[in-house]
Structure formats: structure tokens, C-alpha cells
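What follows is a single structure, written as C-alpha cells, with notes after it.
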Amino acid sequence: MPAPIPAEELRAALQPVAAWLDQDAEQPPRSVVGAAVKTSARWLAQQVPGRSVEVRVPPHVAVQCIEGPRHTRGTPPNVVETDAATWLRLVSGRQSWDDAVAAGKVAASGSRANLGAVLPLSPLR
């Protein structure tokens, strides 16, 4: 199991993409966006551990989180999938879960595939 990600590391990973998320700058390099996505998704998984929901932000990361029935093979019953910009806006509180789902920016399938209670991430609120 990887070492826990401190809140300071999470904030530091999101800082280089903040202006882009606020639409005040061009998109940063893919490696910078990828680092922010991976760090924030892994932080979520460490805060709400479990294997009942798979969160996918292609092509950067897929993590499992939230307590409940464990998934082991094939397509998980509870999947959340979105793009990098939407994910980062959700975790940082720039966009609400309900608004992102209503706008079609998030594909959420399954009875447990609602991250509204855990987003934005607490250190980024």
C-alpha cells in the first residue's frame, strides 16, 4: 500500500492547474494535469477507502473507493467517469457534483456512484 498523501501534497499538486480551471490560463502540460488528477484521485481513495465504486479519469487514473460490496472482475457495478478538467473542478469545489452530472460532464452508473457527499475534497474546500 502506498504511503498516505498529506493534504499539503494534494494542495501543491492542484496549485499549477488552478488558473486553467478558473479559465484564466491555457491548459498546462499533460504531465502537470496528470499529476493533479492522480494525486487527487488517490487522496480520495485514501480518505474513503473501499472497493465498491471505481472512479475513472482517463487516461490518467482509475481508483476504487467507498465501502460496500467488493468488486473483483469485469466491469464494476458502480462507476464514475469524467474528464480531467471536470474532475479537478469537482475535487476543488469549482463545480458541484449535481451540476456536473446534470451537464453530462460525469457518467455515473450504479446505486453507489454518487460522489456528492465526498466532493470537494476537504483540504480544497
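In this chain, numbering begins with 1 at the start of the sequence shown.
Nearest heavy-atom pair across Trp20 and Arg89 is O-NH2, 3.9 Å. Nearest heavy atoms, Gly93 versus Pro120: N-CB, 3.4 Å. Closest of all the heavy-atom pairs between Ala108 and Trp97 is CB-CZ2, 4.1 Å. The minimum heavy-atom distance between Leu21 and Ala85, with the atom names listed, is CD2-O, 3.8 Å. The minimum heavy-atom distance between Pro4 and Gln46, with the atom names listed, is CA-OE1, 3.3 Å. When all heavy atoms of Ala45 and Cys65 are compared, the pair lying nearest together is CA-CB, 4.0 Å.
In this structure, Asp83 does not pair ionically with Lys105, as no charged nitrogen and carboxylate oxygen lie closer than 4.0 Å.
Take Asp99 and apply the side chain to side chain donor-acceptor pair (under 3.5 Å) test, not counting sequence neighbours, and it matches Ser96. Take Glu8 and apply the side-chain contact (heavy atoms from CB on, under 4.5 Å) test, not counting sequence neighbours, and it matches Pro6, Arg11.
Looking at Arg30 and Pro59, their side chains come closer than 4.5 Å, going by heavy atoms from C-beta outward. At least one side-chain heavy atom of Asp22 sits less than 4.5 Å from a side-chain heavy atom of Arg94. With a 4.5 Å cut-off on side-chain heavy atoms, Arg56 and Val79 count as touching. Between Pro58 and Glu81 the shortest side-chain heavy-atom distance falls below 4.5 Å. Using a 4.5 Å cut-off on side-chain heavy atoms (C-beta onward), Thr86 and Gln95 make contact. Taking 4.5 Å as the limit, every side-chain heavy atom of Leu88 sits out of range of all side-chain heavy atoms of Leu90.
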Point to revise | Working for side-chain contact (heavy atoms from CB on, under 4.5 Å), residues Ser109 and Asn78 | key: CA-CA 5 Å; Ser109 62; Asn78 300 288; over 6 Å; no
Check your understanding: Given the rule in the side-chain contact (heavy atoms from CB on, under 4.5 Å) test, do Leu121 and Leu124 qualify, once you have shown the distances and angles that lead to the verdict?
Key -> CA-CA 6 Å; Leu121 299 178; Leu124 304 175; 4.2 Å; yes
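Here the CG atom belonging to Leu10 is positioned 12.5 Å from the CD atom belonging to Gln15, to the nearest 0.5 angstrom. Gln47 CD to Ser122 OG: the interatomic distance, rounded to the nearest 0.5 Å, is 6.0 Å. How far CZ of Arg112 is from CD of Glu54: 15.5 Å, rounded to the nearest 0.5 Å.
Judged by distance alone, the side chain of Ser52 and the main-chain N or O of Ile66 form a donor-acceptor pair under 3.5 Å.
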Could you give the side-chain donor-acceptor pairs of residues 32-44 under 3.5 Å, partners two or more places apart or in another chain?
from, atom 1, to, atom 2, distance (Å)
Thr39, OG1, Ala35, O, 2.8
Ser40, OG, Ala36, O, 2.8
Ser40, OG, Val37, O, 3.0
Ser40, OG, Trp87, NE1, 2.8
Trp43, NE1, Ile5, O, 3.2

